[in-house]
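Reading through the structure tokens given below for one structure.
Any value given below was found using the heavy atoms of this structure, including those in side chains, with hydrogens, waters and symmetry copies removed. Keep in mind the model is a prediction, meaning the values are calculated, not measured.
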2 protein chains.
Amino acid sequence: MADIGSRLAGVVGDVLSGAEAAEEYGHDEALSTSLVQPAYVVRPRSAEEVAAVLRLATEERVPVTARGHGTGLSGGAIPSADGIVVSFERMNAILEIDTDNHVAVVQPGVSLRELDERTAAEGLVYPVYPGELSASLGGNVATNAGGMRAVKYGVTRHHVLGLEAVLPTGEVLRTGGKYVKSSTGYDLTQLIVGSEGTLALVTEATLKLQPRIRHNATVLAPFRDLAGVTAAVPKVVASGLAPLILEYIDGLTMGAITYTADLQLGVPDEVRDTAQAYLVVMLENREQDRLDADVEAAGQLLADLGAIDVYVLPGGAARKLVEARERAFHTAKAAGADDVIDTVVPRAALPSFMAEVTAIAQANETFIVGCGHAGDGNVHLALFQKDADKRATVLKALFGAAMALGGAISGEHGLGRTKRRYFLDLEDPAKLALLRRIKQAFDPAGVLNPGVLLDEGQA
Amino acid sequence: MADIGSRLAGVVGDVLSGAEAAEEYGHDEALSTSLVQPAYVVRPRSAEEVAAVLRLATEERVPVTARGHGTGLSGGAIPSADGIVVSFERMNAILEIDTDNHVAVVQPGVSLRELDERTAAEGLVYPVYPGELSASLGGNVATNAGGMRAVKYGVTRHHVLGLEAVLPTGEVLRTGGKYVKSSTGYDLTQLIVGSEGTLALVTEATLKLQPRIRHNATVLAPFRDLAGVTAAVPKVVASGLAPLILEYIDGLTMGAITYTADLQLGVPDEVRDTAQAYLVVMLENREQDRLDADVEAAGQLLADLGAIDVYVLPGGAARKLVEARERAFHTAKAAGADDVIDTVVPRAALPSFMAEVTAIAQANETFIVGCGHAGDGNVHLALFQKDADKRATVLKALFGAAMALGGAISGEHGLGRTKRRYFLDLEDPAKLALLRRIKQAFDPAGVLNPGVLLDEGQA
């Protein structure tokens, strides 16, 4: 491997190895994984450097794992031992904010926060908020990140118009462009988005922006039970009010996040004692008077749908609640959760799924709490179960239940290393075989992120 | 081939051959192609029948071309001589309108008109209107059809949540489902959408629906020249008015479609004489008073942006104008156009592209008129040039100009047989090689629609 190191140094300016290829490059935020320190870390400054590294890796059959800012929750950025980490921290430029075409062109190491600040200055917005503003756009593209606003604006893949991506064999490709429609060959952009660094490394992304809407307001509606919340959701969607956020938070999670954030929502004790679940509805409009009318309509609708009461949150409290909800993962982590998942089901199947969650939790003596993107059927659960075998049983049962209801294992976190085994167990073998052939079409030597999404060394 | 016929009859109930496999199965609406009569036409009633036909075709290396309602404009449904046409006319059921999840589940032979009527009854809408309501959903999925409302709602791929699709080797796969977000393996749904029947045959599609918005209004703004229109477009998008339709129509095309449709728009002669281009802006809102305010704001904005005048069209005239615009292809065809194309460029590049179109037309003694989805940079041009070689020169120049501006050959019609040669000429060879490897991953025997999108017999 010493030879690999010197050859890497010949093609990329910035190579770390040994103790320098430190701990920080060996993990992401997944709760159930162990640190794996890579043999080398390279920090390229251009697509050409990335291509040179990948050519070498393919030639020498060395595993390569791309890394953004390491905020992923499924172990997708955990490298192989003796592998190379390609960290995009030095490719962190916003190359262009194109106000005529409403697109941003960014390098993978740009953070969501940086992009948000730059677009705000132009009255535009990149409307994907996965809840972690320090995350990189490259990581978001790799996992097809979602977040609370997906119910209105969709997820990452709906906003990626084009890519520059490097194949493991070293070719630098451009896909898509500054346009929203194309019927010109297979959509490579959409195939690479969400592929978790297993098909190609993204070195540039062209992102669709929207006009930034100034006025928003948040309505909080406590319900007696979760079934009341999930039954209300399709009606809120059908109303045409087009909420920006439509979240459920179970009573325990609400207690935890409000306590952690020292958040006063003005919900009286007697209501809080009765409420087992909350619906959070954020509305936006470019006109304040229309927003006011919509908030009133939403409040009336929620009351009609069985909310115990309806609270229009003051701006500060609303912002803090959304932030606290975005920090729910960290709250769960601090409380000692052993895993977090983000299963998706058809939104009308939420009551059935939550009933199954309760049954699975009870049958396996596991404590499960959660919240989720109710408008999308995307359920975030924190599992408390120290025993790894029992946890695996619970996870397989949960994923199986979601799939039986027509859902999927992950709505936005990706499979990574942590959910791959369940995917391989539960998914149709004919489909897996096709995914492996597609992987082979991109990565004949199987060097890109082995062990993530598909099998170890399957190519 | 007689043997193939009897074996087909053994696996699918409805097989036509010889004279029965008639002329109507040998063409679509492309202007520049010739009829190719297939050896067999099968009309399956189930995915299992489709799978049996494909297994046989792969075994015997017989080309297979899927057919919806034959309204495509690029020859994607033109079969191979001695090949099999799989016509989906008997798989034409709307399987479900799911009002809780806001999805429709349809077989490929359902027409847009049928789906529109059924969704209207539920207060929902499938918002992709490519302009030909007799088109099939299967065909729309194959070409990733777009249309005028894409500026607000996106194109077919943004509304296809899941598929049942049959691989050429006979496996029946299910991809996606009744949810809008997933990070669970490569997105096969998005890969198959727009693949023009070359990767798999779609036997069922799960489509995202929206609440149907009742109120709309149309503003017509004549401009002195096309540059005025294209300069106005980004400002209208940036306004936040979120137009449903944002179309340009050049003066000649407007003359032709209004004459053909006997359409009175109330534009005085002196304005019409000055106007070389028109912008059509349709707005919608679920509240009439908000719509009225938006129409006023749009009118003021267009006047500020240099429109000669602004006309709010009465409902009947607006509907007729949109219909006439949707019939622009037929108007061009009736006028003797020799080809139609639908190149896409970044919308801010429209002025540059249209200047190039004029120069290319003049240099090659070709008459070119058009209209287009201005908000999307999707330019529909009708070419009048009888000489096939000269036409090929013009087409290659036009596509090359669009690509040089960061655009693509087709925005929504697909490559089919008619644009494939330009695609193979102009596209990056490394990307083409990757597309061929992906094709190989799906279709090892190369039986699905050879000669469409990629090379003849390339697998």
Side-chain angles (χ1 to χ4, degrees), chain A residues 100-102 143-144 146 150 154-155 157-158 167 171 173 177-188 190-191 193-195 211 213 234 237-238 240 286 290 344-348 376-378 406-415 423 427-428 430-431 434-435 437-438 440-442 453, chain B residues 100-102 143-144 146 150 154-155 157-158 167 171 173 177-188 190-191 193-195 211 213 234 237-238 240 286 290 344-348 376-378 406-415 423 427-428 430-431 434-435 437-438 440-442 453:
Chain A
D100 279 343
N101 289 307
H102 283 188
T143 56
N144 185 26
V155 295
R157 74 165 64 259
H158 303 116
L167 295 183
E171 299 96 326
L173 299 184
K178 291 179 173 180
Y179 45 78
V180 295
K181 67 201 309 190
S182 171
S183 295
T184 310
Y186 311 145
D187 196 326
L188 295 173
Q190 292 300 320
L191 186 53
V193 173
S195 66
I213 295 176
V237 175
R286 61 196 167 78
R290 294 184 187 185
V344 66
V345 294
R347 67 173 173 250
D376 298 327
N378 189 195
I409 292 175
S410 170
E412 54 192 26
H413 293 172
L415 298 169
F423 179 60
E427 188 50 273
D428 173 11
K431 199 195 284 185
L434 177 60
L435 297 187
R437 295 195 299 273
I438 293 169
Q440 176 82 25
F442 280 81
L453 200 154
Chain B
D100 278 343
N101 288 306
H102 282 188
T143 55
N144 185 25
V155 296
R157 76 165 61 260
H158 303 116
L167 295 183
E171 298 95 329
L173 299 184
K178 291 178 172 181
Y179 44 80
V180 296
K181 67 200 309 190
S182 171
S183 295
T184 310
Y186 310 145
D187 195 327
L188 294 174
Q190 293 299 320
L191 186 54
V193 173
S195 65
I213 295 175
V237 175
R286 62 196 166 77
R290 295 185 188 185
V344 66
V345 295
R347 67 173 174 250
D376 297 325
N378 189 197
I409 292 175
S410 171
E412 54 191 27
H413 294 170
L415 298 169
F423 179 60
E427 188 50 275
D428 173 11
K431 199 196 284 184
L434 177 59
L435 297 187
R437 294 195 299 273
I438 293 169
Q440 176 81 25
F442 279 81
L453 200 153

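- Residue contact with chain B, scored on non-hydrogen atoms closer than 4.5 Å, involves the side chain of A:L453 exclusively.
- Interface residue B:V237: backbone and side-chain heavy atoms are both found under 4.5 Å from chain A.
- Only the backbone of A:T143 comes within less than 4.5 Å of a heavy atom in chain B; its side chain stays farther off.
- Note: B:D187 leads B:V180, B:D187, B:V345, B:V155 in heavy-atom pairs under 4.5 Å with chain A.
- Heavy-atom distances place the side chain of A:F423, and not its backbone, under 4.5 Å from chain B.
- In this structure, the portion of B:D428 lying under 4.5 Å from any heavy atom of chain A is its side chain and not its backbone.
- Only the side chain of A:P211 comes within less than 4.5 Å of a heavy atom in chain B; its backbone stays farther off.
- To the nearest 0.5 Å, the span separating CG on A:L434 from CZ on B:F442 amounts to 4.5 Å.
- Expressed to the nearest 0.5 Å, how far CG of A:D376 lies from OH of B:Y179 amounts to 12.5 Å.
- Contact annotation for B:I213: neither backbone nor side-chain heavy atoms come within less than 4.5 Å of a heavy atom of chain A.
- A:R286 touches chain B through its side chain: at least one heavy atom from C-beta onward sits under 4.5 Å away, while N, CA, C and O do not.
- For a residue to count as touching a neighbouring chain, one of its non-hydrogen atoms must lie under 4.5 Å from one of that chain's; by this rule A:H102 touches chain B with backbone and side chain alike.
- Heavy-atom distances place the side chain of A:L188, and not its backbone, under 4.5 Å from chain B.
- Among B:G377, B:A150, B:G414, B:G154, the residue making the largest number of heavy-atom pairs under 4.5 Å with chain A is B:G414.
- When each of B:G406, B:G177, B:A408 is scored by its heavy-atom pairs under 4.5 Å with chain A, the top score falls to B:A408.
- No donor-acceptor contact under 3.5 angstrom links the side chains of B:K178 and B:N101, judged on distance only.
- Between chain A and the options B:R290, B:K431, B:R157, B:H158, heavy-atom pairs under 4.5 Å are most frequent for B:R290.
- With chain A as the partner, the residue from B:Q190, B:E427, B:E171, B:H413 showing the most heavy-atom pairs under 4.5 Å is B:Q190.
- Of all non-hydrogen atoms in B:G407 and B:P346, the two that sit nearest each other are N-CD, 4.0 Å.
- Interface check for chain B: of the options A:G146, A:P234, A:G411, the most heavy-atom pairs under 4.5 Å are formed by A:G411.
- Ranking B:T184, B:L435, B:L173, B:D100 against chain A, the residue ahead of the rest is B:T184, based on heavy-atom pairs under 4.5 Å.
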